Amino acid sequence: MDKLISELRRLYLLNADNHQRLQHHLRGEATFAFDLAQDGVTRAIVIDFHKAAEERHWLRLCDVANALQSELDLPAPAVSVSGGDSYRLWLSLASPIPLEQARQFLALLHRSYFEDEQIDFGRTMVELPPCLHVATGLWAAFINPGMGGALADDLGLEMAPNEMAQAAFLEKLHSISDGRFAHALATLQRKHKAAPSPSPVQKPRAETAQGLLLKDATLEDIVKHLHALDIEPTFRHVLKN
């Protein structure tokens, strides 16, 4: 148990939560939501992928996990089942960052890779796996990503997972360094600046406050504009040889 608690603290927790409280939670004797934020900062970003038909929730999670590594050059996240209705990705940060920055990063990820998934951008209270889901009686647990698809229907375990196996999943994981996080955030920001949302279509206008926009103007517009300036236009048609 001590090894598992040590890994959870290494990766996700900011403060030294009561050791006995953690033990009760991880053994299924009680289930608590732990606050992953403190004094406006956090070291963890948790993303839910809610149950959908034809295992789309699992496929979407795989796409996002792969993009985090291949496109944003981040270390592999942890994967868990909630014991309820979702898979979860767990991103660990080496240093605490402001909550607003974490939410900005999550919003950019969401927009880039899974915009059709509804998520809670303000959540900081999360049940740390492994734990017993009170409503379903199933266990939330960290899982081997290679076996995740087999749990797409139930999204929980019927029996408590082995504590040492849970710790073993976590000890292989690395936190996101400050430099890698800054690089990933900048990459997402550039991606959306390079492809801004389309502006509402407006009817072209021949004139603006600054004057005539010739690229949008008709011949009649040009004549009217020149007359308003007391200029009599002379048009010449040039034939090319």
Side-chain angles (χ1 to χ4, degrees), residues 11-12 31 33-34 36 42 44-93 102-161 165-166 169-170 172-174 176 180-181 184-185 187-192 194-198:
L11 292 169
Y12 308 119
T31 301
F34 291 84
L36 300 180
T42 187
I45 297 174
V46 184
I47 308 172
D48 284 0
F49 296 85
H50 296 283
K51 191 171 184 177
E54 299 177 353
E55 298 186 10
R56 288 197 304 274
H57 47 313
W58 173 247
L59 297 175
R60 185 180 292 120
L61 177 144
C62 290
D63 288 343
V64 175
N66 289 334
L68 288 170
Q69 296 170 78
S70 63
E71 297 181 25
L72 300 179
D73 195 28
L74 297 178
V79 180
S80 75
V81 285
S82 70
D85 69 344
S86 64
Y87 285 108
R88 284 176 175 159
L89 282 182
W90 297 74
L91 282 68
S92 168
L93 300 160
R103 288 167 182 162
Q104 179 192 21
F105 182 78
L106 179 56
L108 289 168
L109 277 179
H110 183 248
R111 184 177 172 189
S112 298
Y113 303 114
F114 55 110
E115 197 167 19
D116 58 338
E117 181 80 36
Q118 293 195 4
I119 60 175
D120 182 355
F121 290 97
R123 180 186 64 185
T124 62
M125 303 291 290
V126 182
E127 297 82 13
L128 284 170
C131 65
L132 189 63
H133 193 287
V134 176
T136 66
L138 297 175
W139 279 82
F142 292 105
I143 60 173
N144 184 326
M147 301 295 291
L151 298 169
D153 290 331
D154 294 329
L155 292 171
L157 306 181
E158 293 185 357
M159 298 181 64
Q166 292 288 284
F169 285 141
L170 297 179
K172 299 174 184 176
L173 300 177
H174 301 283
I176 301 169
R180 282 194 173 189
F181 180 79
L185 180 59
T187 299
L188 290 170
Q189 289 171 332
R190 285 195 302 270
K191 179 176 181 177
H192 291 295
S197 300

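What you see is a predicted model, and the numbers here were worked out from it, not measured in a lab.
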Any idea which heavy atoms bring A78 and L173 closest together, and the distance? CB-CD1, 3.4 Å
Cationic tip of K191 above Y113 ring, under 6.0 Å, 45° of axis: yes
Is there a side chain to side chain contact (heavy atoms under 4.5 Å, CB included) between F114 and I47? Walk through the geometry before answering. CA-CA 10 Å; F114 55 110; I47 308 172; 3.6 Å; yes
Any chance you could lay out the ring-ring contact (aromatic ring centres under 6.0 Å, His included) test for Y12 and F34, step after step, and finish with the verdict? CA-CA 10 Å; Y12 308 119; F34 291 84; over 10 Å; no
Would you find more than 12 non-hydrogen atoms of other residues, nucleotides or ligands less than 6.0 Å from M159 atom CE? no
Taking every non-hydrogen atom, the tightest pair across L74 and A184: CD2-CB, 3.9 Å
To the nearest 0.5 angstrom, please state how far the CG atom of D85 sits from the CG atom of L138. 11.5 Å
Rounded to the nearest 0.5 angstrom, the CG-CD distance for L132 and E127 is 11.0 Å
Within this structure, what is the OG1-CZ distance for the pair T42 and R103, rounded to the nearest 0.5 Å? 9.0 Å
Rounded to the nearest 0.5 Å, what's the gap from CD on Q118 to CZ on F49? Could you check? 14.0 Å
With ring-ring contact (aromatic ring centres under 6.0 Å, His included) as the test, would you mind laying out the steps for H50 and Y87 before giving the verdict? CA-CA 7 Å; H50 296 283; Y87 285 108; over 10 Å; no
Okay, side chain of H133, backbone of S82: is any donor-acceptor separation there less than 3.5 Å? no
Test item: W90 and I45 side chains (from C-beta on) under 4.5 Å apart, heavy atoms: no
Mind checking whether T187 and E71 have side chains closer than 4.5 Å, heavy atoms only? no
Grab the two heavy atoms, one from N144 and one from F169, that are nearest each other, plus how far apart they are. N-CZ, 3.5 Å
If you define the side chain from C-beta out and look only at heavy atoms, does anything of F105 sit under 4.5 Å from L91? yes
What pair of heavy atoms forms the shortest contact from Q69 to A65, and how long is it? NE2-O, 3.0 Å
Can you check side chain to side chain contact (heavy atoms under 4.5 Å, CB included) on L106 and F121, steps first, answer last? CA-CA 7 Å; L106 179 56; F121 290 97; 4.0 Å; yes
Output for pair (S112 OG, L72 CG), nearest 0.5 Å, gives 7.5 Å
Tightest non-hydrogen contact, residues R60 and E117, listed as NH1-OE1, 2.8 Å
Rounded distance (nearest 0.5 Å) linking atom NE2 of H57 with atom OG of S86: 9.0 Å
Do S80 and I143 have side-chain heavy atoms sitting under 4.5 Å apart? no
Applying the side chain to side chain contact (heavy atoms under 4.5 Å, CB included) test to L109, which of L68, L89, L185 qualifies? L68
Electrostatic pair R88-D48, nearest N-O below 4.0 angstrom: yes
P129 and F142, any side-chain heavy atoms less than 4.5 Å apart: yes
Grab the two heavy atoms, one from A44 and one from L36, that are nearest each other, plus how far apart they are. CB-CD1, 3.9 Å
